Novice: 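Sharing a structure below in structure tokens format, with a few things to ask.
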Amino acid sequence: MKETFRWFGQNDPVTLPHIKQSGATGIVTALHHIPNGEIWNIEEIQKVKKTIEEAGLEWVFVESVPIHENIKLKTGDYTKRIENYKQSLINLAACGVKNVCYNFMPVLDWTRTHLHWQLQNGGTALRFDKVDMAIFECFIMKRKGAENDYSQEVLDIAKKRFSEMPALEQQRLEDSILKGLPGTVDDLTIASFSKMIAQYDGYTHEDLKNNLSYFLNEVIPVAEENGIKMAIHPDDPPFDIMGLPRIVKSEKDLEDLVNFIDSPANGITFCTGSLGANPNNDLPKMIEKFGEKIHFFHLRNVKRELDGSFYEDCHLEGSSDMYEIVKAVLKVEQKRGIDIPMRPDHGHQILNDLLAQSTYAGYTAIGRLKGLAEIKGLSLGIQKSLSL
Ligand code: DNO
């Protein structure tokens, strides 16, 4: 595996020299300052690339070139936005940056209800709590029809928990969902969020898949011509939320994705944390099945709970078998004769991370470093013992 670390740019408290000390050689980053849907010009791309290279590192993956909402909805100026996207890919390729991660999640990117959930050992983790999500949708945001998406049991607990919830805790919950996570549009309010969601009224999974297929059929030929590998990130969590359709969450969805257009440029970011929150996803089997199409691995582990809640566990613990996952990754690499870029995805807030509240949620230095070290050790052990 080619070890990489995500870097959020000059404002990231985890700096490039810090990352260099982690042992990772690759950087995963984006032009975070360019508004979604605008063209990434060569000058801006070169600036970031130069900064990374001057630190003795390599820009291995772009995460992400985001997809404008009008493209997902296939509405308004979507043709212009798609042309902009193509031009950004052409410009990236001209600068020698040829791996691009993206997602097709409507409105929100990844979603959590807790950004600093207390662990017994004193650290904190990210958590998605089904009951808290129901509280947000049904009682804080008051989304019409939200109750229909939850079982009576969850609704009853939510009602009781909400009646005892202090205002500050309600605010914390709202902020975690609307403002907390890198990737989601900043500064969403309940009103602006409700408006964005309303645009998807009547949109089915099939509609969204058709729009993804349309987008890929436009963009992938340009990517292929320029030697770019596109890698879609699965939906996180891997089920519908807020009444929005989610379409990249299972083996069947990934099958549809690769069938939309057959090209080496049309690939997958295999995120074991996102896909692992769905108990029906057999991750090692899926890695073997889609091996040729996986351009990027995000490795982490979630601990699933019975009601659909989960929290982010240590990288080698949790509900997924990281030994079987890494073994499957190494077998794919052996078959393809390449090292596939991997980043230890997220990390707990531990030790000095706990002092640095300004780190991007999930992107602590020491928590991720621990994940990287564990995965690296596991990988070495498997390679030596199985002669992979
Ligand atoms: C979360 C990330 C996602 C990811 C995007 C890719 O930690 O994995 O925000 O970057 O979904 O487009």
Side-chain angles (χ1 to χ4, degrees), residues 4-9 12 14 26-32 34 36-37 40 59-69 71-72 85 88-89 92 99-115 125-128 176-186 188 208 212 215-216 219 228-239 241 244 246-249 253-254 257 267-277 294-302 310-313 315 341-349 359-365 367-368 371-372:
T4 68
F5 228 66
R6 194 171 188 184
W7 177 61
F8 284 99
D12 193 336
V14 185
I27 291 296
V28 174
T29 196
L31 299 191
H32 293 284
I34 308 282
N36 187 352
W40 290 18
W59 189 358
V60 169
F61 237 99
V62 179
E63 184 173 346
S64 311
V65 181
I67 313 265
H68 194 272
E69 223 48 37
I71 298 179
K72 295 179 211 164
Y85 204 96
S88 295
L89 295 184
L92 280 163
N99 292 314
V100 173
C101 174
Y102 70 101
N103 74 77
F104 217 75
M105 289 178 250
V107 186
L108 290 171
D109 190 319
W110 55 313
T111 306
R112 296 289 183 273
T113 55
H114 295 72
L115 309 184
L126 292 148
R127 174 177 174 82
F128 180 91
S176 300
I177 293 170
L178 296 186
K179 298 188 183 148
L181 296 177
T184 294
V185 184
D186 282 338
L188 282 175
L208 196 62
L212 172 58
F215 167 74
L216 290 175
V219 161
I228 293 242
K229 291 203 162 51
M230 298 281 292
I232 197 164
H233 189 286
D235 302 337
D236 183 359
F239 39 80
I241 49 170
L244 296 166
R246 300 272 219 171
I247 55 164
V248 191
K249 50 192 189 315
D253 288 339
L254 290 178
L257 178 270
I268 298 165
T269 296
F270 199 92
C271 175
T272 57
S274 305
L275 292 165
I294 300 175
H295 300 321
F296 194 13
F297 281 100
H298 287 181
L299 297 186
R300 71 181 159 85
N301 217 326
V302 296
F310 59 84
Y311 67 89
E312 301 198 5
D313 210 336
H315 286 69
M342 173 282 291
R343 66 176 180 80
D345 199 13
H346 307 171
H348 289 166
Q349 224 185 346
T359 333
Y360 290 83
Y363 289 92
T364 52
R368 279 184 297 161
L372 178 65

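The model shown is predicted, which means the values in this text are computed figures rather than measured ones. As the structure lists them, so they are numbered: ligands from 1, and atoms in each ligand from 1.
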Novice: I need the contact type for R300 against ligand 1. Using non-hydrogen atoms and a strict under-4.0 Å cut-off, is it side chain, backbone, both or neither?
Specialist: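 None of R300 does.
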Novice: Please could you name the atoms of ligand 1 that H346 approaches to less than 4.0 Å, counting only its heavy atoms?
Specialist: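 The atoms of ligand 1 under 4.0 Å from a heavy atom of H346 are 1 (C), 7 (O).
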Novice: Any idea which part of Y363 is under 4.0 Å from ligand 1, heavy-atom wise: side chain, backbone, both or neither?
Specialist: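 Looking at Y363 and ligand 1, just side chain atoms fall under 4.0 Å.
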Novice: Side chain, backbone, both or neither: which part of E312 has a heavy atom under 4.0 Å from ligand 1?
Specialist: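 No part of E312 comes within reach of ligand 1.
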Novice: Between Y85 and F215, is a ring-ring contact (aromatic ring centres under 6.0 Å, His included) present by the stated rule, with each step listed?
Specialist: CA-CA 10 Å; Y85 204 96; F215 167 74; 5.1 Å; yes
Novice: Ignoring hydrogens and geometry, is there a side-chain-to-backbone donor-acceptor pair from E63 to A30 under 3.5 Å?
Specialist: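 No: the side chain of E63 does not pair with the backbone of A30.
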Novice: Answer yes if the ring centres of H346 and Y363 are under 6.0 angstrom apart, and no otherwise.
Specialist: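 So the answer is yes for these two rings.
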Novice: Considering all heavy atoms of both residues, which atom of V60 and which atom of G26 are nearest to each other, and what is their separation?
Specialist: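 Looking at all heavy atoms of both residues, the closest pair is CG2-CA, 3.6 Å.
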Novice: F128 vs F239 aromatic rings, parallel, tilted or perpendicular, using cut-offs 30° and 60°?
Specialist: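 Geometry flag for F239 against F128: perpendicular rings.
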Novice: For ligand 1, does D109 get within less than 4.0 Å through its side chain, its backbone, both, or neither, judged by non-hydrogen atoms?
Specialist: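 Answer for D109: side chain.
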Novice: Go through ligand 1 atom by atom and flag the ones less than 4.0 Å from a non-hydrogen atom of Y102.
Specialist: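 In order of number, 12 (O).
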Novice: Tell me which part of S274 gets within contact of ligand 1: side chain, backbone, both or neither, using heavy atoms under 4.0 Å.
Specialist: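 None of S274 does.
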Novice: Out of G362, A30, A231, S64, who is nearest to atom 12 (O) of ligand 1 when you count heavy atoms only?
Specialist: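 Nearest heavy atom to atom 12 (O) of ligand 1 lies in S64.
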Novice: So do H295 and F61 actually touch side chain to side chain, heavy atoms under 4.5 Å?
Specialist: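 They are in contact (side-chain heavy atoms under 4.5 Å apart), so the answer is yes.
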Novice: List every atom of ligand 1 that sits less than 4.0 Å from any heavy atom of E63, numbering the atoms from 1 in the order shown and giving each element.
Specialist: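 Atoms satisfying the 4.0 Å criterion: 2 (C), 4 (C), 8 (O), 10 (O).
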Novice: Within the 4.0 Å heavy-atom shell around M105, which atoms of ligand 1 are there?
Specialist: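 Going through ligand 1 atom by atom, the ones under 4.0 Å from M105 are 11 (O).
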Novice: Taking the side chain as everything from C-beta on, heavy atoms only, tell me whether R112 gets closer than 4.5 Å to D236.
Specialist: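 When only atoms from C-beta onward are counted, D236 and R112 do touch, with a gap below 4.5 Å.
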Novice: Taking all non-hydrogen atoms of both residues, which atom of V65 and which atom of W40 are closest, and how far apart?
Specialist: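 Scanning both residues completely, I find the closest heavy atoms to be CG2-CH2, 3.9 Å.
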Novice: Need the ligand 1 atom indices (1-based, order shown) with element for anything under 4.0 Å from a heavy-atom of C101.
Specialist: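 So the atoms of ligand 1 that pass are 6 (C).
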